[in-house]
Number of protein chains: 2
Amino acid sequence: MKSEIAVFREFVRRKGLRNTPEREQVIRMIFATHEHFDVDGLYSLLRRRKEKISRATIYRTIPLLIESGLLQEAYVENGHMHYEHIYGHERHCHLRCLACGGLVEFAEQSMAERARSVGERYEFVVTGHRVEVYGYCPKCKAHR
Amino acid sequence: MKSEIAVFREFVRRKGLRNTPEREQVIRMIFATHEHFDVDGLYSLLRRRKEKISRATIYRTIPLLIESGLLQEAYVENGHMHYEHIYGHERHCHLRCLACGGLVEFAEQSMAERARSVGERYEFVVTGHRVEVYGYCPKCKAHR
DNA sequence: GTATGTGCAAATCATTTGCATTCTC
DNA sequence: GAGAATGCAAATGATTTGCACATAC
């Protein structure tokens with residue numbers, strides 16, 4: 001299996017774009033973190049590692065990563081988007097508590113299968129899916 | 001089955017809030033439109049009907065509608081949130097084309113069942129779910 | 001060498017908020 | 001009558017963009 005960087009290099013070449021050290025740093029950092037991130041968190045992480053990459057570059061890189069299949073939007077929280085890397089991972093779904101905002105992840109093979117079969121029914125080429133289930137977690141449902 | 005307005009009135013009473021004609025207009029308009037909407041679209045619709053309701057009121061009403069179970073966030077498009085009313089409807093899922101942005105809706109009972117069963121596994125009280133599948137629609141996949 | 005990418009700071013745009021006024025209960 | 005809700009306009013905060021300089025191919 002190709003590395004994320006390799007996938008991105010190929011994508012960039014195919015599109016006639018250019019690869020840069022900044023973009024590769026962004027990719028490495030994204031794949032070094034366990035899972036979700038937002039732009040500001042990523043920016044801080046990069047700064048802490050002494051990488052001088054601007055927010056603008058991060059914002060400009062993200063659509064490329066999505067288009068190349070490395071990344072997907074996960075959910076909006078506190079008014080801004082959160083992303084998750086999806087290359088080389090089992091997809092997971094999110095279970096969100098509406099009261100405390102808590103997030104539980106779960107892997108659900110059957111969701112992925114259903115997503116694919118629905119896509120086929122509409123003659124789509126399915127590349128991803130996102131599932132969010134909400135309700136009240138054990139702690140919060142007790143408080144109601 | 002109670003009307004949306006009745007559900008909201010009860011919610012408001014239970015929370016010790018107040019009902020207002022503005023809120024009821026918002027609810028009527030949301031349930032009069034077939035399905036998805038965004039704040040600006042709703043605002044324009046209301047204006048066209050000569051209802052003088054400010055954007056601020058719409059923004060302040062939406063969280064109440066979500067909490068009362070009438071509405072849910074559907075997806076982010078063009079940088080802003082889109083909502084869908086969910087009371088008295090079969091839930092539907094979305095199939096999105098990554099190339100042209102096209103949206104197909106589908107009802108998928110099995111998704112709802114899986115959502116519920118996953119929630120139970122984590123001892124959540126499940127109140128809703130959101131599924132988005134993406135890929136390339138028949139027209140766009142041909143162009144690649 | 002040329003087109004693309006980067007960083008910065010300013011601009012944009014959705015959403016939120018302070019405040020004076022109006023309205024529900 | 002008291003606490004809530006509304007409308008307006010200003011504030012906020014995430015994201016985008018113009019531009020001058022740097023860099024990949």
Side-chain angles (χ1 to χ4, degrees), chain A residues 5-6 8-30 36-47 49-68 71-83, chain B residues 5-6 8-30 36-47 49-68 71-83:
Chain A
I5 300 285
F8 187 69
R9 283 184 183 150
E10 188 178 323
F11 168 78
V12 140
R13 183 155 28 77
R14 185 157 40 79
K15 297 280 279 187
L17 301 174
R18 291 169 191 174
N19 197 15
T20 65
E22 287 85 354
R23 288 173 176 178
E24 296 206 350
Q25 281 308 326
V26 168
I27 295 170
R28 284 205 192 85
M29 192 55 81
I30 288 173
H36 305 129
F37 68 94
D38 57 21
V39 169
D40 244 54
L42 182 57
Y43 178 71
S44 308
L45 275 175
L46 287 164
R47 296 224 109 195
R49 302 280 178 89
K50 307 297 181 207
E51 306 290 345
K52 296 210 197 59
I53 292 173
S54 68
R55 281 188 179 78
T57 292
I58 296 176
Y59 277 114
R60 285 188 277 229
T61 300
I62 284 174
L64 300 177
L65 299 183
I66 290 175
E67 199 183 342
S68 63
L71 199 68
Q72 89 181 12
E73 296 184 337
Y75 50 83
V76 175
E77 186 175 287
N78 296 328
H80 56 273
M81 187 58 76
H82 292 242
Y83 303 88
Chain B
I5 300 285
F8 187 69
R9 283 185 182 148
E10 188 178 323
F11 167 78
V12 140
R13 183 154 27 78
R14 185 159 38 80
K15 297 280 279 189
L17 302 174
R18 289 165 191 180
N19 197 16
T20 66
E22 287 86 354
R23 289 173 175 178
E24 296 206 349
Q25 280 309 326
V26 168
I27 295 171
R28 286 206 189 84
M29 190 58 79
I30 288 173
H36 306 130
F37 68 93
D38 56 22
V39 169
D40 243 53
L42 182 58
Y43 179 71
S44 308
L45 275 175
L46 288 164
R47 296 224 109 195
R49 302 279 179 89
K50 309 297 182 203
E51 306 291 346
K52 298 211 197 58
I53 292 172
S54 68
R55 280 190 179 77
T57 293
I58 296 176
Y59 277 112
R60 285 188 277 228
T61 301
I62 284 174
L64 300 177
L65 299 182
I66 291 175
E67 200 183 341
S68 64
L71 200 67
Q72 92 182 10
E73 296 185 338
Y75 51 83
V76 174
E77 186 176 285
N78 297 326
H80 57 272
M81 186 59 77
H82 292 243
Y83 304 88

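Within every chain, numbering begins at 1; the chains are lettered A, B, ... in the order of the sequence lines, protein sequences first and strands thereafter.
- Going from atom CG of A:Leu64 over to atom C1' of C:dT4 covers 12 Å, rounded to whole Å.
- Computed from C1' positions of five pairs at each end, the angle between the two local axes of the helix from C:dG1-D:dC25 to C:dC25-D:dG1 equals 50°, rounded to 10 degrees.
- Using a cutoff of 4.0 Å between basic side-chain nitrogens and carboxylate oxygens, B:Arg28 and B:Glu24 are scored as salt-bridged.
- The residue among B:Thr20 and B:Asn78 whose nearest nucleotide of DNA chain C is located toward the 5' end is B:Asn78.
- In terms of modelled atom types and a separation under 3.5 Å, the side chain of A:Arg23 and the main chain of A:Arg18 share a donor-acceptor contact.
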Candidate pair B:Glu22 and B:Val26, rule side-chain contact (heavy atoms from CB on, under 4.5 Å), full reasoning | CA-CA 6 Å; B:Glu22 287 86 354; B:Val26 168; 5.7 Å; no

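- Every residue meeting the side-chain contact (heavy atoms from CB on, under 4.5 Å) condition with B:His80, not counting sequence neighbours, appears here in chain and number order: B:Asp38, B:Asn78, B:His82.
- The side-chain contact (heavy atoms from CB on, under 4.5 Å) test applied to A:Leu45 returns A:Met29, A:Thr33, A:Arg48, not counting sequence neighbours.
- At whole-Å resolution of the value, CE in A:Met81 and P in D:dT16 are 10 Å apart.
- Sorted by first and then second residue, the salt bridge (charged side-chain N to carboxylate O under 4.0 Å, His left out) pairs involving residues 49-65 of chain B (not counting sequence neighbours) are B:Asp40-B:Arg55.
- Regarding A:Arg23, its CZ atom lies at a distance of 10 Å from the P atom of D:dC25, rounded to whole Å.
- Here C:dT6 presents its C1' atom at 14 Å from CG of A:Asn19, a figure rounded to the nearest Å.
- The interatomic distance linking B:Tyr83 (OH) with C:dA14 (P) rounds to 12 Å, in whole Å.
- Using a 4.0 Å heavy-atom criterion, one finds that A:Pro21 contacts the sugar-phosphate atoms exclusively.
- A straight line from CG of A:Leu17 to P of C:dT6 spans 10 Å, rounded to a whole angstrom.
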Atom pairs under 3.5 Å, N or O on each side, protein against nucleotides 7-11 of chain D: can you list them with distances?
| unit_1 | atom_1 | unit_2 | atom_2 | d |
| --- | --- | --- | --- | --- |
| D:dG7 | OP1 | B:Lys52 | O | 2.6 |
| D:dG7 | OP2 | B:Ser54 | N | 3.0 |
| D:dG7 | OP2 | B:Ser54 | OG | 2.8 |
| D:dG7 | OP2 | B:Thr57 | OG1 | 2.4 |
| D:dG7 | N7 | B:Arg60 | NH2 | 2.7 |
| D:dG7 | O6 | B:Arg60 | NH2 | 3.3 |

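- Looking at heavy-atom distances under 4.0 Å, A:Asp40 makes no contact with the nucleic acid at all.
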Stepwise side-chain contact (heavy atoms from CB on, under 4.5 Å) check, B:Ile58 with B:Leu46 | CA-CA 10 Å; B:Ile58 296 176; B:Leu46 288 164; 4.0 Å; yes

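- Atoms CZ (A:Arg18) and C1' (D:dA24) sit 5 Å apart, rounded to a whole Å.
- B:Tyr59 has no side-chain polar atom (N or O) that falls below the 4.0 Å cut-off from OP1 or OP2 of C:dT16.
- Counting to the nearest Å, the P atom of D:dA5 and the CD atom of B:Gln25 are 18 Å from each other.
- For the pair A:Tyr83/A:Val39, a side-chain contact is recorded, criterion being any heavy-atom separation below 4.5 Å from C-beta on.
- A search for side-chain contact (heavy atoms from CB on, under 4.5 Å) contacts involving B:Arg47 returns B:Tyr43, not counting sequence neighbours.
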